[in-house]
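Computed from a prediction, not measured in an experiment: that's the story for all the values here. In what follows, every chain begins at residue 1, and chains take the letters A, B, ... in the order their sequences are listed.
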Amino acid sequence: MAKADLSAAWIFFFLTLPCVFHPERMLWLLFFLVTAIHAELCQPGAANAFKVRLSIRTALGNKAYAWDTSEEYLFKAMVAFSMRKVPNREATEISHVLLCNVTQRVSFWFVVTDPSKNHTLPAVEVQTAIRMNKNRINGAFFLNDQTLEFLKIPSTLAPPMDPSVPIWIIIFGVIFCIVIVAITLLILSGIRQRRRKNKEPSEVDDAEDKCENMNTIENGIPCDPLDMKGGHINDAFMTEDERLTPL
Amino acid sequence: MEKTRPLWANPLQFVFACISYAVGLGNVWRFPYLCQMYGGGSFLVPYIIMLIVEGMPLLYLELAVGQRMRQGSIGAWRTISPYLSGVGIASVVVSFFLSMYYNVINAWAFWYLFHSFQDPLPWSVCPLNGNHTGYDEECEKASSTQYFWYRKTLNISPSLQENGGVQWEPALCLLLAWLVVYLCILRGTESTGKVVYFTASLPYCVLIIYLIRGLTLHGATNGLMYMFTPKMEQLANPKAWVNAATQIFFSLGLGFGSLIAFASYNEPSNNCQKHAIIVSLINSFTSIFASIVTFSIYGFKATFNYENCLKKVTLLLTNTFDLEDGFLTASNLEQVKGYLASAYPSKYSEVFPHIKNCSLESELDTAVQGTGLAFIVYTEAIKNMEVSQLWSVLYFFMLLMLGIGSMLGNTAAILTPLTDSKIISSHLPKEAISGLVCLVNCAIGMVFTMEAGNYWFDIFNDYAATLSLLLIVLVETIAVCYVYGLRRFESDLKAMTGRAVSWYWKVMWAGVSPLLIVSLFVFYLSDYILTGTLKYQAWDASQDDRL
């Protein structure tokens with residue numbers, strides 16, 4: 001609005017100089033013309049206009065700041081800064097950024113005009129500029145991509161951290177090796193135990209050894225030959241063996 | 001004369017082995033579902049009745065048979081009558097089927113366990129799409145936990161016919177799972193006896209920690225109150241009773257031959273009656289305990305989702321009508337909606353289809369069971385807790401302990417008859433037989449790591465063991481009571497343990513339990529016949545929902 005006043009003042013100055021023919025009417029006409037041009041440039045749904053939405057209270061809670069004209073100025077400054085990074089647009093000024101339709105939400109529309117202030121810059125340029133500098137803009141307002149939204153400008157999401165070797169393979173490898181080592185140890189110790197058991201009978205008396213292995217000895221006669229010679233073992237009665245007191 | 005049979009080092013190992021076998025994943029993911037579906041607190045009535053009438057007697061029977069015959073299932077039933085050796089073989093075959101697909105769950109638990117060491121948890125965020133402007137489409141439509149399960153873990157194909165190839169990541173985890181099982185059963189009772197100390201007790205530690213954490217979560221009481229309020233009218237529903245009986249039956253693991261195998265390593269004078277009662281009581285208590293934890297987690301998840309839904313509706317309305325940020329809250333939502341509908345009718349009617357009706361009840365009503373509960377619902381709740389990595393590691397470690405404990409029983413059921421058989425054990429040492437069994441199971445289990453593997457898993461889970469087990473246990477009971485003779489069995493037990501068998505057990509064995517099993521069998525058969533073509537649920541990647 002300051003811009004409109006400034007332009008109106010200049011026009012008034014130039015008009016009052018030479019023209020005497022209906023000065024007030026011309027003056028008001030041009031004043032309305034200028035404000036009308038500016039109003040047309042920045043309108044909801046206008047070409048090359050973008051809607052911005054801020055959710056300050058959601059982001060900051062109690063520390064939320066109020067949205068006033070100073071914050072709007074900062075926003076214009078950030079947009080102008082972003083546009084300056086685009087080649088051929090280094091001359092963008094804060095005054096080239098127009099805001100309109102500020103609501104309570106806080107949401108508003110903005111356009112960026114060229115130095116002549118008659119045309120708006122193409123949307124693609126503005127989009128690229130904003131996308132490249134979104135982080136800086138977010139930082140200036142203490143907001144993030146969810147709370148400072150430029151509708152129609154999708155933000156580039158940060159990819160999740162991707163380590164070169166997935167973590168799960170490392171842990172898998174560790175546990176796999178531990179298990180393999182444990183299995184090998186158990187098998188080897190089992191083989192060694194069995195070998196030791198097979199060596200022992202050759203050192204001890206056979207009969208006595210047989211006596212130790214079985215607890216089925218009655219009157220000094222091992223029951224083993226009795227079991228093996230013909231006949232059929234009835235498994236149901238095997239439990240009776242345990243009733244005989246072992247030697 | 002063969003060498004003396006290996007024994008448990010002390011009776012506690014035997015009890016722990018039975019508990020570790022009986023308390024498995026079914027207690028965690030099936031019982032809470034049944035409780036929710038069939039009337040909450042009132043489901044406990046048929047459950048406890050079935051426990052006393054069916055669970056304890058049949059468990060005592062199997063333990064007594066194993067302890068008396070001192071052999072695995074094949075040998076034990078052959079001893080009772082040579083015509084009944086088929087029962088033993090049937091048990092071994094069913095155990096073989098079960099061990100084939102059950103260890104895949106352990107593989108998945110390993111996978112999730114290894115992925116729990118990342119920050120953030122990989123199932124808490126969706127991956128980005130190609131040009132990094134948004135999230136992956138399939139993930140957006142479903143949720144990030146569902147995406148991680150169906151796409152990253154299973155890489156599921158759209159239907160059973162499209163087999164896809166073997167996925168190397170789950171295959172590696174399956175290999176590791178079988179190696180761990182082999183490590184535990186390598187030395188027979190010597191190694192198993194020590195491992196079961198951990199597999200039986202650690203899940204309880206984790207459950208207690210989770211109980212404390214779960215009860216302190218925001219919204220947990222919603223879940224608990226909703227699930228446990230008894231709906232007495234469900235008591236009249238015959239399905240509630242059938243499901244209670246089925247749950248007791250399968251939860252105790254009857255008919256697989258594992259209990260016979262475990263009991264065969266007992267001292268003859270062991271008091272198996274006391275142990276049977278203890279094991280069945282602990283099993284049921286664990287089910288109820290786990291369901292308290294599950295319902296508090298449900299309540300937390302439902303409250304979280306409900307509040308998220310409200311936030312989304314608030315945001316939508318705030319953005320559409322450019323209201324002041326922070327003006328709309330959950331308390332004034334309805335009023336403001338009414339005001340907006342009257343003040344801006346055209347705009348409101350435009351946005352109305354997008355406004356979801358957020359309801360806490362509908363969130364709580366989503367009853368899930370099986371792998372869906374364990375790997376989707378729980379992970380969704382865990383990702384919203386603080387220090388989620390710790391809770392995730394604890395949870396999947398507990399699942400692993402439960403799964404491996406049950407696997408020990410399953411493999412014991414297969415190995416005990418094999419090592420008892422003189423033909424095989426004379427040629428191969430115990431370690432080699434175990435290794436061979438694990439190798440064969442692992443090789444066949446690779447089917448479940450293919451893209452269509454989860455469908456095969458569902459089919460096996462639903463149909464592999466149900467009817468066969470009912471038949472096996474029925475024949476077992478009739479065999480012991482009528483073929484072997486109830487009186488002879490009773491006198492055997494009295495001679496073995498020194499205690500008389502009370503009339504209650506005799507009545508149950510001879511009359512009530514067989515009748516119950518017959519009625520269950522008839523029910524399932526008629527259910528299968530009436531259902532017609534059997535169906536399975538498939539994952540549709542374009543709609544991201546189950547068909």
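Between chain B and the residues A:Ile175, A:Leu186, A:Ile180, A:Val179, the largest count of heavy-atom pairs under 4.5 Å involves A:Leu186. Contacts with chain A were tallied for B:Asn319, B:Leu186, B:Leu179, B:Val180; B:Asn319 has the most, counting heavy-atom pairs under 4.5 Å. The most heavy-atom pairs under 4.5 Å with chain A, out of B:Glu431, B:Glu169, B:His115, come from B:His115.
Contacts between A:Ser55 and chain B at a heavy-atom distance below 4.5 Å involve backbone atoms as well as side-chain atoms. At a 4.5 Å heavy-atom cutoff, A:Thr184 makes no contact with chain B through either its backbone or its side chain. Interface residue A:Ile56: only backbone heavy atoms are found under 4.5 Å from chain B. Both the backbone and the side chain of A:Thr58 come within contact range of chain B, each with at least one heavy atom under 4.5 Å from a heavy atom of that chain.
Side-chain contact check for A:Phe108 versus B:Asp322: every heavy-atom pair is 4.5 Å or farther apart. The shortest distance between side-chain heavy atoms of A:Gln193 and B:Arg187 falls below 4.5 Å. B:Cys173 is not listed as a side-chain neighbour of A:Phe176, based on a closest heavy-atom distance of 4.5 Å or more. The shortest distance between side-chain heavy atoms of A:Trp168 and B:Trp111 falls below 4.5 Å.
Shown here is B:Phe198, whose CZ atom has no more than 12 heavy atoms of other residues, nucleotides or ligands within 6.0 Å. Dense packing is recorded around CG of A:Leu188, with more than 12 heavy atoms of other residues, nucleotides or ligands lying under 6.0 Å away. The neighbour count for A:Arg84 CZ, taken as heavy atoms of other residues, nucleotides or ligands under 6.0 Å away, is above 12. Under a cut-off of 6.0 angstrom, the local environment of OH in B:Tyr83 is sparse, with at most 12 non-hydrogen atoms contributed by other residues, nucleotides or ligands. By the 6.0 Å contact criterion, NZ on A:Lys63 is open, its count of non-hydrogen atoms from other residues, nucleotides or ligands being 12 or less. Heavy atoms of other residues, nucleotides or ligands lying less than 6.0 angstrom from OH of B:Tyr344 number 12 at most. Annotation for A:Arg53: atom CZ counts as buried by contact number, over 12 foreign heavy atoms lying within 6.0 Å.
Rounding to the nearest 0.5 Å places CD1 of A:Ile171 at 7.0 Å from CZ of B:Phe114. With rounding to the nearest 0.5 Å, the separation of CZ in A:Phe172 from CG in B:Leu172 is 4.0 Å. Distance CZ/A:Arg105 to OG1/B:Thr318: 6.0 Å, rounded to 0.5 Å. Here OG of B:Ser116 is found 11.0 Å from CD1 of A:Ile167. Values are rounded to the nearest 0.5 Å.
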Full working for side chain to side chain contact (heavy atoms under 4.5 Å, CB included) between A:Ile187 and B:Tyr182: CA-CA 11 Å; A:Ile187 294 182; B:Tyr182 181 53; 3.8 Å; yes
